[in-house]
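Working notes, beginning with the structure itself.
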Amino acid sequence: MTKDTIFSRPWDKVAPFEFNAQVAEVFDDMLGRSVPFYRESIVRQAQLAARFYQDGTRIYDLGCSNGNLGLTLCRQMGERDFSMVAVDNSQPMLDTYRQRLNDTAGGQRIILEHGDIRLVAMERASVVIVNLTLQFLPRADRDALVRRIYQALVPGGVLLLTEKVVHEDAVLTELEQEFYYRFKEENGYSRMEISQKREALENVLIPETLEAHGRRLRQAGFGAVEIWLKWFNFAALLAQKDV
Ligand code: GEK
């Protein structure tokens with residue numbers, strides 16, 4: 001695993017964050033050290049996907065990056081047949097995913113699609129995964145995507161939505177961020193790295209409150225919504241379409 005040192009030297013001007021080849025190369029180290037319970041949440045989402053998958057339907061992974069979820073799902077499903085479409089608009093991420101799929105038993109069950117998740121056609125979905133990706137869309141585009149996901153789901157189908165979140169209360173938002181930066185420091189990031197990354201993500205990663213996510217899910221039609229993981233400024237939700 002290549003170590004993430006992207007922000008370890010002072011930048012003259014911090015450019016907006018992009019999912020380019022440099023990021024793809026260090027992605028696993030970056031996420032492992034920047035997202036609390038990243039591995040745990042990948043494993044549980046793969047287990048949930050296996051649990052809710054309905055034969056003859058599809059799983060969609062929107063913003064699939066280098067395929068950690070898909071590869072974990074292949075292991076979870078064993079010999080069981082399934083069909084997954086994994087979408088990302090970063091070619092370097094998909095190149096890594098492709099290489100990893102070639103080395104994975106049953107990897108042909110996953111189809112990679114290069115494109116914008118706002119435009120991807122979806123149908124007969126029993127599981128849609130949006131892991132840490134809705135936050136990168138302009139806020140104005142989020143309602144439409146969640147509505148389209150709801151429409152593409154078969155009865156009993158689920159959306160697994162994980163996001164960085166903020167609190168409605170500014171003081172609690174600050175507390176959550178303080179603990180988040182503490183987590184990053186404990187994982188070896190310097191204060192300068194943390195601050196430059198924060199600047200690079202400004203206006204690129206736009207987190208919302210849990211209440212805003214709940215409202216959007218309900219407005220799209222989801223009846224049952226469960227927060228199955230919460231750590232300060234991170235939350236993972238499961239929303240199910242009525243059977
Ligand atoms: C994981 N889910 O490891 N269309 C397609 N892809 C996009 C778009 C878009 N509009 N915007 C961003 N992406 C992954 C982690 S990373 C989260 C997701 C993070 C892609 C982007 O290229 C990147 O690969 C991914 O969404 C976000 O389970 O790095 O914080």
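These numbers come from a predicted model, not from an experiment. Indexing begins at 1, ligand by ligand and atom by atom, following the structure's order. Only heavy atoms go into these numbers, but all of them, side chains included; no hydrogens, no water, no symmetry mates. Here, residue 1 is the first one in the sequence, and each next residue gets the next number.
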Heavy-atom side-chain contact between [X] and [Y] under 4.5 Å:
{"X": "Val130", "Y": "Leu159", "result": "yes"}
{"X": "Val165", "Y": "Thr209", "result": "no"}
{"X": "Leu48", "Y": "Trp228", "result": "yes"}

Among all protein heavy atoms, pick out the one at the shortest distance from [atom]; state its residue, atom name and that distance to 0.1 Å.
{"atom": "atom 3 (O) of ligand 1", "value": "Tyr38 OH, 2.5 Å"}
{"atom": "atom 4 (N) of ligand 1", "value": "Ile117 N, 3.0 Å"}
{"atom": "atom 12 (C) of ligand 1", "value": "Phe136 CB, 4.0 Å"}
{"atom": "atom 28 (O) of ligand 1", "value": "Asn131 ND2, 2.8 Å"}
{"atom": "atom 2 (N) of ligand 1", "value": "Gly63 O, 2.7 Å"}
{"atom": "atom 29 (O) of ligand 1", "value": "Phe19 CE2, 3.1 Å"}
{"atom": "atom 17 (C) of ligand 1", "value": "Leu132 O, 3.2 Å"}
{"atom": "atom 22 (O) of ligand 1", "value": "Asp88 OD1, 2.6 Å"}

Note to self: Is there a polar contact, in the sense of an N or O pair closer than 3.5 Å, between Asn89 and ligand 1?
What the structure shows: yes
Next item on the list: For atom 23 (C) of ligand 1, state which one of Gly67, Ser41, Ser65 supplies the nearest heavy atom.
Entry: Ser65
Residue-level breakdown please: for [X] versus ligand 1, do any non-hydrogen atoms fall below 4.0 Å on the side chain, on the backbone, on both, or on neither?
{"X": "Asp116", "value": "both"}
{"X": "Leu137", "value": "side chain"}
{"X": "Ile42", "value": "side chain"}
{"X": "Asn66", "value": "neither"}

Notebook entry, point to check: Is any side-chain N of the basic residue among Asp143 and Arg147 closer than 4.0 Å to the acidic one's carboxylate O?
Noted result: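 Looking at Arg147 together with Asp143, the answer is no, because their closest N to O distance does not fall below 4.0 Å.
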Notebook entry, point to check: Does Gly115 have a non-hydrogen atom less than 4.0 Å from ligand 1?
Noted result: yes
Note to self: Working to the nearest 0.5 angstrom, can you tell me the gap between Leu153 CG and Ser126 OG?
What the structure shows: 8.0 Å
[X] charged N/C atom sitting above [Y] aromatic ring, 6.0 Å / 45°:
{"X": "Arg182", "Y": "Phe179", "answer": "yes"}
{"X": "Lys241", "Y": "Phe222", "answer": "no"}
{"X": "Lys184", "Y": "Tyr189", "answer": "yes"}

In residues 115-125, what donor-acceptor pairs under 3.5 Å come from side-chain atoms, sequence neighbours left out?
residue	atom	partner	partner atom	Å
Asp116	OD1	Arg118	N	2.8
Asp116	OD1	Arg118	NE	3.0
Asp116	OD2	Arg118	NE	3.3
Asp116	OD2	Arg118	NH2	2.6
Arg118	NH1	Asp141	OD2	2.7
Arg124	NH1	Gly56	O	2.3

Item checked: Donor-acceptor pair between Asn131 and Asp61 side chains, under 3.5 angstrom ->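 There is no such pair between these side chains.
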Distance filter under 4.0 Å to [X] heavy atoms, resulting ligand 1 atoms:
{"X": "Phe27", "answer": "3 (O), 15 (C), 29 (O)"}
{"X": "Ser90", "answer": "22 (O)"}
{"X": "Leu31", "answer": "29 (O)"}

Checklist line | Within 6.0 angstrom of Glu178 CD, more than 12 heavy atoms from elsewhere | finding: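 Buried by this count: over 12 neighbours within 6.0 Å.
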